[in-house]
Each structure stands twice: as C-alpha cells, then as structure tokens.
Trainee: 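Submitted below is the structure of interest, expressed as structure tokens.
First listed ligand is number 1; within each ligand, the first listed atom is number 1. Because the structure is a prediction, the values reported are computed rather than measured.
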Amino acid sequence: MADLLWNAGVAVVVAIDGPSGVGKSTVARAVAQRLDLAYLDTGSTYRAATLIALSNGIDVCDEDAILTELATHTIDYGAAGVEIDGVSVAPQVRTPEVTANVSAVSAHPRVRERIVAIQRDWVHRHGDAAVLEGRDIGTVVFPDAAVKVYLTARPEIRALRRAGDSEAADSSIDEIAENLAARDRADSTREASPLRPADDAEIIDTSDIGIEEVVSKIVDLATR
Ligand code: DC
C-alpha cells in the first residue's frame with residue numbers, strides 16, 4: 001500500500017459507484033486485492049436492513065418501524081459477506097424478495113444515515129483504508145475519497161451479466177432488464193443520495209472492455 005495516493009488526515013478510500021450489472025463487485029474485489037485493501041460491498045448493508053425489515057414483518061414503507069428494529073440489531077461485513085448480529089446472511093440477502101424491496105428501504109433518509117454510519121465505522125475499524133462499492137460512495141459517504149470511479153455499461157450488457165447471478169436464476173433476460181431499469185429509476189430519482197456520478201469521478205464504460213482492463217485503470221488511478 002506504500003505508493004497508494006494519500007489524502008492527508010482522511011480515510012483512504014477507493015470509491016467504485018454505479019448501477020447493477022456494470023461489474024462493480026468483480027472489479028472492486030480485484031482492485032482491493034491488488035492494492036491490499038479491505039473491501040466493502042455497501043449494497044449488502046442495505047440488503048441486510050431490508051432482510052431485517054422483511055423477517056420482522058415490517059412494512060418497507062414504514063421508516064420509523066424499520067429504524068426501531070434496526071436499533072436492536074448489528075450489521076457488519078466479514079470474510080463471508082454481510083452479517084446480522086454476528087451471523088453471515090450473504091445468501092439470504094440475495095433472494096428476489098430482498099432485491100424487490102431494497103430500493104424502498106434504501107430510499108428512507110434516516111435509514112440511509114444509519115447505514116452510512118455503519119459503513120464509515122467499518123472503514124475506520126479497517127485501518128481507514130478500503131475499497132468501497134456502492135451508489136453514493138464518492139458523492140456522500142466518502143466525498144474526499146482518494147479515487148472515485150463510476151462504472152456504466154449498456155442496458156443489454158448489464159442484463160446479460162445479471163443473468164449469471166444466483167438471484168436472477170429463474171428470470172428471463174427481459175424480466176431482468178425490466179427489473180434493472182425499475183431499480184435504476186428508483187435509485188436515481190430518490191431524494192436522499194440519488195445514484196449519480198460524483199462531479200470528479202472517472203467514468204468508465206465497461207461494456208466492451210474486460211475486467212482486467214477496468215481493474216488496471218483503477219489501480220493506475222490509485223497509484224499514479
Ligand atoms: O449493489 P446492490 O444491487 O446489492 O444494491 C442493492 C440496493 O441498495 C440498490 O438497489 C440501492 C441500494 N444502495 C444504495 O442505495 N446505496 C449504496 N451505496 C449501495 C446500494
């Protein structure tokens with residue numbers, strides 16, 4: 001990590017934002033490995049909050065009820081992925097039910113505040129240096145991130161990539177594309193921290209380039 005860009009006095013964060021199906025997870029994990037940094041999938045923390053709401057019979061539109069329930073649980077991220085109360089729930093947060101409800105839960109501003117606090121604390125506990133993938137890392141969670149990247153890809157490419165994920169196993173390409181478009185709309189039009197590139201983010205279209213090329217570009221940005 002010696003030659004990594006350092007911002008004096010602040011956490012060293014590589015922020016990788018963008019919608020689903022652009023290759024964020026694969027790229028972010030590989031960048032973290034190459035730079036020897038911790039890796040946090042922030043989407044999984046919103047998914048954990050959604051799972052907590054759903055498994056307690058809470059209406060995902062009821063922000064107060066979600067917050068009250070969240071206060072009685074811990075959300076963390078370990079080697080096996082996201083954890084609720086110390087237990088990995090990585091597969092459980094990838095069900096179609098959680099996927100269908102996560103945009104509603106993550107649109108609540110006070111839920112976001114709570115989850116963002118968990119994410120910042122996680123980075124602090126991991127030596128103030130990490131690669132984070134999400135939707136608002138470069139705009140809200142770490143606006144001083146050392147590197148900000150926003151990944152995009154054409155809609156049909158994103159749908160094809162998502163088709164390979166376990167959560168989409170039973171859906172047709174058309175259903176996946178519709179689902180992605182609906183989630184994009186919800187995530188980019190919400191009032192609280194909408195999905196958008198930071199003004200100073202490097203935008204990389206991953207449609208026609210391989211993962212390794214994307215990873216190298218980001219590693220170059222982090223070590224230039
Ligand atoms: O990356 P993902 O598909 O697991 O994210 C699930 C949802 O979480 C996504 O639809 C929007 C929300 N999310 C968010 O609002 N902010 C983030 N930083 C990450 C995810």
Trainee: With hydrophobic residues grouped by side-chain heavy-atom distances under 4.5 Å, do L54 and I115 end up in a single group?
Mentor: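 Yes, one cluster joins them.
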
Trainee: Heavy-atom contacts under 4.0 Å between D136 and ligand 1: side chain, backbone, both, or neither?
Mentor: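 For D136, the contact with ligand 1 is made by both the backbone and the side chain.
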
Trainee: With heavy-atom distances below 4.0 Å as the criterion, list the atoms of ligand 1 near S103.
Mentor: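 Answer, ordered by atom number: 10 (O).
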
Trainee: Show me which atoms of ligand 1 lie under 4.0 Å from any heavy atom of D187.
Mentor: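 Near D187, meaning under 4.0 Å from one of its heavy atoms, ligand 1 has 9 (C), 10 (O), 11 (C).
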
Trainee: Run the numbers for me: atoms of ligand 1, each under 4.0 Å from some heavy atom of S20, listed by number.
Mentor: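 Those qualifying, in numeric order: 3 (O).
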
Trainee: Please indicate whether any nitrogen or oxygen in S44 is less than 3.5 Å from any nitrogen or oxygen in ligand 1.
Mentor: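 Looking only at distances, the answer is no, because the N/O contact criterion of under 3.5 Å is not met.
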
Trainee: Is it the side chain, the backbone, both or neither of Q119 that has a heavy atom closer than 4.0 Å to ligand 1?
Mentor: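 None of Q119 does.
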
Trainee: Knowing that exactly one of R94, R183, R47 qualifies, which makes a side-chain hydrogen bond (donor to acceptor under 3.5 Å, both in side chains) with T99?
Mentor: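 When R94, R183, R47 are each tested with T99, the side-chain hydrogen bond (donor to acceptor under 3.5 Å, both in side chains) holds only for R47.
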
Trainee: I'd like to check whether K24 has a polar contact with ligand 1, where a contact means an N/O of the residue lying under 3.5 Å from an N/O of the ligand.
Mentor: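 N/O-N/O distance below 3.5 Å does not exist for this pair.
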
Trainee: Going by side-chain hydrogen bond (donor to acceptor under 3.5 Å, both in side chains), R154 matches just one of D208, D205, T206. Which one?
Mentor: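 Per the side-chain hydrogen bond (donor to acceptor under 3.5 Å, both in side chains) rule, the option paired with R154 is D208, out of D208, D205, T206.
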
Trainee: Are any of the N/O atoms in R190 less than 3.5 Å from those in ligand 1?
Mentor: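 So ligand 1 has an N or O lying under 3.5 Å from an N or O of R190.
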
Trainee: Evaluate the side-chain proximity of D64 to R110: yes if any heavy-atom separation is below 4.5 Å, no if none is.
Mentor: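 They are in contact (side-chain heavy atoms under 4.5 Å apart), so the answer is yes.
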
Trainee: If you define the side chain from C-beta out and look only at heavy atoms, does anything of T45 sit under 4.5 Å from Q119?
Mentor: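 Of all side-chain heavy-atom pairs linking Q119 with T45, at least one is under 4.5 Å.
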
Trainee: Would you say the side chains of Y150 and R196 form a donor-acceptor pair under 3.5 Å?
Mentor: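 The answer is no; no qualifying pair exists.
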
Trainee: Short list, please: which atoms of ligand 1 are under 4.0 Å from a heavy atom of S106?
Mentor: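 So the atoms of ligand 1 that pass are 11 (C), 12 (C), 15 (O).
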
Trainee: Tell me whether L40 shares a hydrophobic cluster with V12, the cluster being built from Ile, Leu, Val, Met, Phe, Trp, Tyr side chains joined at under 4.5 Å.
Mentor: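 Shared cluster, no.
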
Trainee: Quick one: does ligand 1 sit under 4.0 Å from the side chain of R183, the backbone, both or neither, non-hydrogen atoms only?
Mentor: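 Answer for R183: side chain.
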
Trainee: Please indicate whether E156 has more than 12 foreign heavy atoms, meaning atoms of other residues, nucleotides or ligands, lying under 6.0 Å from its CD.
Mentor: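 Buried by this count: over 12 neighbours within 6.0 Å.
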
Trainee: Can you list the ligand 1 atoms lying under 4.0 Å from a non-hydrogen atom of G43?
Mentor: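 Taking each heavy atom of G43 in turn, ligand 1 has 4 (O), 5 (O), 19 (C), 20 (C) under 4.0 Å.
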
Trainee: Heavy-atom pairs closer than 4.0 Å: do any link ligand 1 to the side chain of E133, the backbone, both, or neither?
Mentor: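 No part of E133 is near ligand 1 at this cut-off.
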
Trainee: In ligand 1, which numbered atoms sit nearer than 4.0 Å to a non-hydrogen atom of G134?
Mentor: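 Here the atoms of ligand 1 in question are 18 (N), 19 (C).
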
Trainee: Got a second to check how far R161's CZ is from I176's CD1, nearest 0.5 Å?
Mentor: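 Those atoms lie 13.5 Å apart.
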
